Novice: 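Right, I'll just put the structure down here and ask away after.
No experiment lies behind these values; they were computed from the predicted model shown.
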Amino acid sequence: ECGALTSADLSKTSLTEIPEYAFSYCQGLDTVRMPNSLRRIGNSAFSNCNNLSRITLPNTLEDIGAYAFMECSSLVEVTGGAGVSHIDTQAFSNNYNLTTIQTDNVTNLAWLVFENCGQLKSFNLADGLTRISENTFASCSSLTSMRIPRTVTVIDDNAFSGCSGIRYVVNLSGLNITAGDFGYGGVAAYAAFVSTSDNVATTVVDGQYTFARNGDDWYLVTMVPTY
């Protein structure tokens, strides 16, 4: 029983793995400090920790297990984790308030990882990733763009289902992705354009409107409500 636990300082330990279910359903937990020796976070290690709002992952971390942070309803930001290469099934699913995750070097991304993360603004798909699995980004409706690395050869069905906010796609792969096409997981289903260049210019007007340029044309990407 860990309902009264509010913090866990593991920073002075030599742990290499946080075991599965270690802090699952510790609903009062709001602060976790992880050790620099950590290599893996086990399955469901922090699932349903509803008071946890921010996590800093050590750069030694390589593997995030299935359901590790699933249904942490207050989780807003995940930083660090430069060494993470694998994120398993539903590791961050149903985190409706998650806006930021900075693990930029993931080359193995399982299915449903970010399902229903409706506030997620962006996620950088790393060079070296070869497959985007089914429903990985399903219902991530706040994504506004997506970069498909040159190494990607497969995008599974529904990988981007419900990602109605993606306004443009940078496609560096050999896949024939076109704007308005529901193929390739629907990544460009709602896109105004698909660019094969990594240098898409964007600009913010009046602190409210973000536009992206494709050739001579500018497209509205996001608009911040004034109310």
Side-chain angles (χ1 to χ4, degrees), residues 1-126 128-129 131-140 142 159:
E1 176 60 49
C2 61
L5 184 68
T6 59
S7 65
D9 187 355
L10 308 175
S11 62
K12 294 180 172 61
T13 73
S14 56
L15 279 175
T16 58
E17 179 174 355
I18 296 176
E20 61 181 27
Y21 299 103
F23 296 95
S24 182
Y25 284 94
C26 292
Q27 297 193 7
L29 186 67
D30 62 17
T31 304
V32 176
R33 296 183 64 192
M34 298 185 182
N36 288 328
S37 54
L38 196 65
R39 296 286 185 271
R40 172 175 164 76
I41 296 175
N43 296 350
S44 298
F46 295 95
S47 62
N48 297 94
C49 289
N50 291 331
N51 212 34
L52 194 61
S53 61
R54 285 175 171 77
I55 284 285
T56 299
L57 303 173
N59 290 331
T60 55
L61 186 67
E62 300 169 356
D63 184 18
I64 299 176
Y67 323 110
F69 294 94
M70 185 177 74
E71 296 189 8
C72 294
S73 59
S74 297
L75 189 62
V76 173
E77 183 179 57
V78 179
T79 58
V84 174
S85 60
H86 175 235
I87 304 179
D88 210 342
T89 303
Q90 290 190 277
F92 292 96
S93 68
N94 298 335
N95 288 329
Y96 303 105
N97 294 304
L98 181 64
T99 62
T100 304
I101 181 164
Q102 293 181 348
T103 52
D104 288 344
N105 296 304
V106 178
T107 53
N108 189 335
L109 197 58
W111 69 318
L112 294 163
V113 167
F114 298 112
E115 182 195 29
N116 294 326
C117 292
Q119 298 301 313
L120 186 66
K121 305 299 184 188
S122 65
F123 184 81
N124 183 50
L125 295 176
L129 182 73
R131 186 185 201 110
I132 304 172
S133 299
E134 186 175 356
N135 288 303
T136 296
F137 293 98
S139 299
C140 291
S142 293

Novice: Measure across Gly80 and Thr103 and return the closest heavy-atom pair with its distance rounded to 0.1 Å.
Specialist: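 Where Gly80 meets Thr103 most closely, the heavy atoms are O-CG2, 3.8 Å.
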Novice: Other residues, nucleotides and ligands only: do more than 12 of their heavy atoms fall within 6.0 Å of CZ on Arg39?
Specialist: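 Yes, because the 6.0 Å sphere around CZ of Arg39 holds more than 12 heavy atoms from other groups.
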Novice: Can you tell me how far OG of Ser47 sits from CD of Glu20, rounded to the nearest 0.5 angstrom?
Specialist: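 Here the interatomic distance stands at 10.5 Å.
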Novice: State, to 0.1 Å, how close Ile18 and Ala45 come at their nearest heavy-atom pair, and which atoms those are.
Specialist: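 The pair with the smallest heavy-atom distance is CG2-CB, 4.0 Å.
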Novice: Any chance you could lay out the side-chain contact (heavy atoms from CB on, under 4.5 Å) test for Thr6 and Leu29, step after step, and finish with the verdict?
Specialist: CA-CA 4 Å; Thr6 59; Leu29 186 67; over 6 Å; no
Novice: Measure from the side-chain N and O atoms of Asn43 to the backbone N and O of Ala66, and report whether any donor-acceptor pair falls under 3.5 Å.
Specialist: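 Yes, Asn43 side chain to Ala66 backbone: donor-acceptor pair under 3.5 Å.
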Novice: Would you please say whether a donor-acceptor pair under 3.5 Å links the side chains of Asn94 and Glu71?
Specialist: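 Glu71 and Asn94 do have a side-chain donor-acceptor pair below 3.5 Å.
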Novice: Please state whether the sulfur gamma atoms of Cys26 and Cys49 sit closer than 2.5 Å to each other.
Specialist: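 The sulfur gammas are not closer than 2.5 Å, so no.
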Novice: Under 3.5 Å, side chain of Thr60 to main-chain N/O of Asn36, donor-acceptor pair present?
Specialist: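 Answer holds: yes.
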Novice: Would the distance check show the side chain of Ser37 and the main-chain N or O of Leu15 forming a donor-acceptor pair, the cut-off being under 3.5 Å?
Specialist: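 Yes; at least one donor-acceptor contact below 3.5 Å.
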Novice: First locate atom OG of Ser133, then atom CD1 of Ile87, and finally report the distance between them rounded to the nearest 0.5 Å.
Specialist: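 The distance works out to 11.5 Å.
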Novice: Taking Ser85 for its side chain and Asp63 for its backbone only, find out whether a donor-acceptor pair lies under 3.5 Å.
Specialist: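 Checked: no pair found.
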Novice: For Val76, is there any backbone N or O sitting under 3.5 Å from a side-chain donor or acceptor partner on Thr99?
Specialist: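 Pair found, side chain donor or acceptor close to backbone of Val76.
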Novice: Can you tell me how far CE of Met34 sits from OG of Ser11, rounded to the nearest 0.5 angstrom?
Specialist: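 Ser11 OG to Met34 CE: 11.5 Å, rounded to 0.5 Å.
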Novice: Answer whether the closest heavy-atom distance between the side chains of Gln90 and Val113 falls below 4.5 Å.
Specialist: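 Heavy-atom side-chain distance check fails, nothing below 4.5 Å.
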Novice: Using the rule ring pair (Phe, Tyr, Trp, His ring centres under 6.0 Å), only one of Tyr67, Phe23, Tyr21 pairs with Phe46; which is it?
Specialist: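 Exactly one candidate clears the test, Phe23.
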Novice: Do you know the tightest heavy-atom contact between Val106 and Leu109?
Specialist: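 Taking Val106 first and Leu109 second, the nearest heavy atoms are CG1-CD1, 3.9 Å.
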Novice: Indicate whether the side chain of Asn135 and that of Glu115 have a donor and an acceptor atom separated by less than 3.5 Å.
Specialist: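 No.
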Novice: Can you tell me how far apart CG (Leu125) and OG1 (Thr136) are? Round to the nearest 0.5 Å.
Specialist: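 Separation between the atoms: 9.0 Å.
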Novice: So which heavy atom on Ala68 is nearest to which on Ile41, and how close?
Specialist: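 In terms of heavy atoms, the two residues are closest at CB-CG2, 4.1 Å.
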Novice: Looking only at atom types and distance, does a side-chain atom of Asn95 sit under 3.5 Å from a main-chain N or O of Asn97, one as donor and one as acceptor?
Specialist: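 No: the side chain of Asn95 does not pair with the backbone of Asn97.
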Novice: Looking only at atom types and distance, does a side-chain atom of Ser142 sit under 3.5 Å from a main-chain N or O of Leu120, one as donor and one as acceptor?
Specialist: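 Such a contact is absent between Ser142 side chain and Leu120 backbone.
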Novice: Go through Val78 and Thr100 one step at a time and tell me if the side-chain contact (heavy atoms from CB on, under 4.5 Å) criterion holds.
Specialist: CA-CA 6 Å; Val78 179; Thr100 304; over 6 Å; no
Novice: Where do Asn50 and Ser74 come nearest, in terms of heavy atoms and distance?
Specialist: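 Closest pair (atom of Asn50, atom of Ser74, distance): O-OG, 2.6 Å.
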Novice: On the 0 to 90° scale, with breaks at 30° and 60°, tag the Phe92-Phe114 ring pair as parallel, tilted or perpendicular.
Specialist: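 Because their plane-to-plane angle is under 30°, the rings of Phe92 and Phe114 count as parallel.
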Novice: Is the closest side-chain donor-acceptor distance between Thr56 and Thr79 under 3.5 Å?
Specialist: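 Distance-only check passes for Thr56 and Thr79.
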Novice: To the nearest 0.5 Å, what is the distance between CG (Leu38) and CZ (Arg40)?
Specialist: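 If we round to the nearest 0.5 Å, Leu38:CG and Arg40:CZ are 10.5 Å apart.
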Novice: With distance as the sole test, does Asn59 use its side chain to make a donor-acceptor pair with the main-chain N or O of Ala82 at under 3.5 Å?
Specialist: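 Yes; at least one donor-acceptor contact below 3.5 Å.
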Novice: Taking all non-hydrogen atoms of both residues into account, name the closest pair between Gly65 and Ala91 and its distance.
Specialist: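 For Gly65 and Ala91, the tightest heavy-atom pair comes out as O-CB, 3.6 Å.
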Novice: As an exercise, state the distance from CE of Met70 to CG of Asn116, rounded to the nearest 0.5 Å.
Specialist: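 Result: 11.0 Å between the selected atoms.
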